[in-house]
Amino acid sequence: MRNEYVQAVLAVVRLVPAGSAVSYGDVAELLGSGGPRQIGYVMSHHGGSVPWWRILKASGHAPEGHEAEALLFYLEEGTPLLGAFSSYLRTGEGRWRVDLNTARWAPTDNDFDRIDIIAEQLERSLHRLSVADDGMIL
DNA sequence: ATTCTGACTTGCT
DNA sequence: AAGCAAGCCAGAA
């Protein structure tokens, strides 16, 4: 995984505002590069420095193994939830998920501009790298 | 080239 | 709502 790609993904994730969320696939689509699994890879290995809980499965379920911690952030940010999150909070039992239909981030024109810039920078660096690789083959 | 793996997604029970 | 199969994208062996 190119570092440029990782940085681009993290840059997009940082734009997602508190109280909202997007799916892994959404991020890939906004970035115009890679797929949901690539975003998942980046988040699992480099997501620690960004609001990782705002990126979830398309179903609205929090990232594997981080449900409890993520739930605290959702409650804090007022992220719309579905299901038995309160009993999950008390007993650890019960299933819940983010109401992605309501919570899904709708980027403003300004946000789209920023995303375009990020995507464009990524394209440039990847193209440059591919040219360099060709040179190495000879 | 082939196969496996994964913080994924969609469609079908 | 939950489980499963297949599809998907990149990287690693």
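Order of the sequence lines fixes the chain letters, A, B, ..., with proteins taken first and strands second; residue numbering starts at 1 for each chain. Every value quoted in this text rests on a predicted model; they were computed, and no experiment measured them.
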In whole Å, what is the span from the [atom1] atom of [X] to the [atom2] atom of [N]?
X     : N      : atom1 : atom2 : answer
A/E67 : B/dA7  : CD    : P     : 13 Å
A/E4  : C/dA10 : CD    : C1'   : 16 Å
A/Q38 : C/dG7  : CD    : C1'   : 13 Å
A/I39 : C/dC9  : CD1   : P     : 13 Å
A/R97 : B/dA7  : CZ    : C1'   : 18 Å
A/H61 : C/dG3  : NE2   : C1'   : 12 Å

**Study point:** Donor-acceptor pair, side chain of A/S125 and main chain of A/L122, under 3.5 angstrom
**Key:**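 Indeed, once roles are kept as given, a pair shorter than 3.5 Å links the two residues.
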
Check your understanding: Hey, can you pull the residues of residues 42-53 of chain A with a non-hydrogen atom under 4.0 angstrom from DNA chain B?
Key ->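 Close to the strand are A/M43, A/S44, A/W52.
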
Check your understanding: Listed in order of residue number, which residues of residues 22-34 of chain A have a non-hydrogen atom at under 4.0 Å from DNA chain B?
Key ->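 Close to the strand are A/S23, A/Y24, A/G25.
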
For nucleotides 11-13 of chain C, list the nitrogen or oxygen atoms of the protein found under 3.5 Å from its nitrogen or oxygen atoms, one pair per line.
none

Using a 3.5 Å cut-off and no angle test, enumerate the donor-acceptor pairs between side-chain atoms of residues 5-29 of chain A and protein atoms at least two apart in sequence or in another chain.
residue : atom : partner : partner atom : Å
A/Y5    : OH   : A/S33   : O            : 3.0
A/Q7    : NE2  : A/N3    : OD1          : 3.4
A/S20   : OG   : A/P17   : O            : 2.6
A/S23   : OG   : A/G25   : N            : 3.4
A/S23   : OG   : A/D26   : N            : 3.0
A/S23   : OG   : A/D26   : OD1          : 3.3
A/S23   : OG   : A/D26   : OD2          : 3.1
A/D26   : OD1  : A/R104  : NH1          : 3.3
A/D26   : OD2  : A/S23   : N            : 2.9
A/D26   : OD2  : A/R104  : NH1          : 2.3

**Study point:** Whole-Å P distance, C/dA13 and B/dA7
**Key:**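 Pairwise P distance, C/dA13 against B/dA7, rounds to 16 Å.
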
Of all residues at least two apart in sequence or in a different chain, which pass the side chain to side chain contact (heavy atoms under 4.5 Å, CB included) check with [X]?
X      : value
A/T102 : A/P80, A/D99
A/Y41  : A/M1, A/H45
A/D111 : A/W105, A/P107, A/T108, A/R114
A/L89  : A/L71, A/L72, A/L75

Review point. Hey, is the side chain of A/R37 pairing donor to acceptor with the base of B/dC8 inside 3.5 Å?
Key: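 Indeed there is one.
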
Sequence neighbours left out, what passes side chain to side chain donor-acceptor pair (under 3.5 Å) with [X]? Give chain and number order.
X      : value
A/E93  : none
A/S59  : A/H61
A/E123 : none

Check nucleotides 11-13 of chain B against the protein and report each pair of N or O atoms closer than 3.5 Å, with its distance, or say if there are none.
none

Point to revise | Side chain of A/A58 (C-beta onward), nearest among B/dG6, B/dA7, B/dT9 | key: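 The answer is B/dT9, which lies nearest to the side chain.
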
Exercise for review: Just call it for A/P36: base, sugar-phosphate, or nothing, with non-hydrogen atoms closer than 4.0 Å on any strand.
Suggested key: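 Sugar-phosphate contact only.
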
Please report the interatomic distance [atom1]([X]) to [atom2]([Y]), rounded to the nearest 0.5 Å.
X      : Y      : atom1 : atom2 : value
A/R2   : A/Q38  : CZ    : CD    : 14.0 Å
A/I115 : A/N110 : CD1   : CG    : 10.0 Å
A/Y74  : A/E67  : OH    : CD    : 9.0 Å

Exercise for review: Please state whether the rings of A/F73 and A/W53 are parallel, tilted or perpendicular, taking 30° and 60° as the class boundaries.
Suggested key: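 It falls in the parallel class, under 30°.
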
